[in-house]
There are 2 protein chains.
Amino acid sequence: MATTTAAQQRARAKMEYDAFLAACPSRKLLDRISDKWVTLILAALGSGPDCAGDPRPMRYSELSRLLASVSQKMLTQTLRALERDGLISRTVEPTVPVTVTYELTPLGLSLHAMMRGLKLWAQDHMDEVLAHRAAYDG
Amino acid sequence: MATTTAAQQRARAKMEYDAFLAACPSRKLLDRISDKWVTLILAALGSGPDCAGDPRPMRYSELSRLLASVSQKMLTQTLRALERDGLISRTVEPTVPVTVTYELTPLGLSLHAMMRGLKLWAQDHMDEVLAHRAAYDG
DNA sequence: CAGTATCCAGCTAGATACTG
DNA sequence: CAGTATCTAGCTGGATACTG
């Protein structure tokens, strides 16, 4: 009774591992960029509407039109999260009605540049992944 | 009545955008790596238990111990998905009881190398993100 | 050892309606 | 224009129990 059981040791290992994950920078980054709308907003602000231009500010409504299937709730929520993390800046011009523009910060720009490596890998290798997938299923 | 309404045009834009996303290689890649356990298994097989060594095969039970808080269901499910995509290979040795080892394929190794860029960005910049987050909340 | 099968609670994305 | 508020259905991950 005084010794720890195997179940207790497993529980402790889980807690330690979860703590490790909570502190891991890579995990935190993944948690942020693994959101569907985060990556799409970063791409829009970083490469323009056609995904092949230069970074430029965009208005809420422009983003809403571009990411056609995003709900207002998710667009606002995602923009707030990115602003909170210092990845984009939000600028309100006191016109009537108000004009709000979003723009990548230098930090956001840096993240966008990193994402290009990911995009390149996808372009180079996803065909192969898809082929494996089809072969496995067949 | 014969002309398309604004609502219909929006619905069409959404469908087109969803179709674009479904075909986008980057999106497919993100869909795969944004899974919590996928990245952890890739890291384990690609860098060893300490996340700083060389790629090496690992057994099911070894992965299970290392990723202490993964459930059997998710471990098996994730390993199957990675095998399906040609990112890892599964080898069964007919011992009693059976021995199963998992190993990164060249394709998986290539993905693991790409993920290192992500890890580097995280190490270099997540502090800044976290600082922004704290400032925004305070 | 390396899984499979089943059930269920919790979270979240989306739809909808409303507003300064 | 650029949001906020609320409700809910559906998916997913975890717990649990069982097996060749």
Side-chain angles (χ1 to χ4, degrees), chain A residues 6-8 10-11 13-15 17-18 21 27 30-32 34-41 44-45 57-84 88-103, chain B residues 6-8 10-11 13-15 17-18 21-22 27 30-41 44-45 57-84 88-103:
Chain A
Q8 283 173 326
R10 274 195 302 276
K14 287 192 191 205
M15 287 185 57
Y17 191 69
D18 286 341
L21 287 185
R27 182 95 297 274
L30 257 316
D31 284 343
R32 179 50 70 231
S34 67
D35 184 288
K36 176 180 179 177
W37 302 117
V38 163
T39 54
L40 292 168
I41 289 173
L45 294 177
M58 294 178 75
R59 295 176 59 175
Y60 182 92
S61 52
E62 190 176 6
L63 284 167
S64 184
R65 263 191 310 278
L66 183 62
L67 316 187
S69 63
V70 72
S71 64
Q72 284 188 321
K73 176 187 169 183
M74 289 315 294
L75 181 54
T76 301
Q77 188 172 303
T78 309
L79 288 169
R80 288 287 181 281
L82 291 174
E83 186 195 3
R84 182 167 101 106
I88 65 175
S89 64
R90 177 174 181 270
T91 309
V92 182
E93 283 158 278
T95 53
V96 179
V98 294
T99 304
V100 182
T101 56
Y102 294 92
E103 186 171 13
Chain B
Q8 283 174 325
R10 273 196 302 276
K14 286 189 191 207
M15 286 186 57
Y17 191 68
D18 285 342
L21 287 185
R27 182 96 295 276
L30 257 316
D31 284 343
R32 178 50 70 232
I33 67 173
S34 67
D35 185 288
K36 176 179 178 179
W37 302 117
V38 163
T39 54
L40 291 169
I41 289 174
L45 294 178
M58 293 179 76
R59 296 177 59 174
Y60 181 93
S61 52
E62 189 176 6
L63 284 167
S64 183
R65 263 191 309 279
L66 184 62
L67 317 186
S69 63
V70 71
S71 63
Q72 284 189 322
K73 176 187 170 183
M74 290 314 296
L75 182 54
T76 301
Q77 189 172 303
T78 309
L79 288 168
R80 287 288 181 282
L82 291 174
E83 186 194 3
R84 183 169 101 105
I88 65 175
S89 65
R90 177 174 181 270
T91 310
V92 183
E93 283 157 280
T95 51
V96 179
V98 294
T99 303
V100 181
T101 56
Y102 294 92
E103 187 170 11

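Numbered from 1 within each chain, the chains take letters A, B, ... in sequence-line order. Side chains are part of it too, since the values below use all heavy atoms of this structure and drop only hydrogens, waters and symmetry mates.
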Between R90(B) and V92(B) the two heavy atoms that sit nearest each other are NH1-CG2, 3.6 Å
Practice item. Ignoring backbone atoms, test whether R90(B) places a side-chain nitrogen or oxygen under 4.0 Å from the OP1 or OP2 oxygen of dG3(C). Key: yes
For a quick check, tell me whether the side chain of K73(A) and the base of dA13(C) share a donor-acceptor pair closer than 3.5 Å. yes
Practice prompt. State whether K14(A) and D18(A) are salt-bridged, where the test is any N-O pair (Lys NZ or Arg NE/NH1/NH2 against Asp/Glu carboxylate O) under 4.0 Å.
Written response: no
message: Tell me whether the side-chain N/O atoms of W37(A) come closer than 4.0 Å to OP1 or OP2 in dT12(C).
response: no
Base-pair string, DNA chain D, Watson-Crick plus G-U, cut-off 3.5 Å on both distances, | for inter-strand, is ||||||||||||||||||||
Rounded to whole Å, CE of M58(B) lies from C1' of dC1(C) at a distance of 15 Å
Residues in residues 59-67 of chain A with a heavy atom under 4.0 Å of DNA chain D, by number, are R59(A), Y60(A), S61(A)
Looking only at dA17(D), dA15(D), dG14(C), the nucleotide nearest the S71(A) side chain is dG14(C)
Shortest non-hydrogen pair, Y60(B) vs Q72(B), comes out as OH-O, 3.5 Å
Rounded to whole Å, the CD-P distance (Q77(A) to dC11(C)) equals 14 Å
Against the side chain of Q72(B), the closest entry in dG3(C), dG13(D), dC1(D) is dG3(C)
Looking only at dA2(D), dG13(D), dA13(C), the nucleotide nearest the M74(B) side chain is dG13(D)
OP1, OP2 of dT4(D) versus side-chain N and O of R80(A): anything below 4.0 Å? yes
For E103(A), the salt bridge (charged side-chain N to carboxylate O under 4.0 Å, His left out) test, sequence neighbours excluded, returns none
Closest non-hydrogen contact found for I88(A) with L79(A) is CD1-O, 3.5 Å
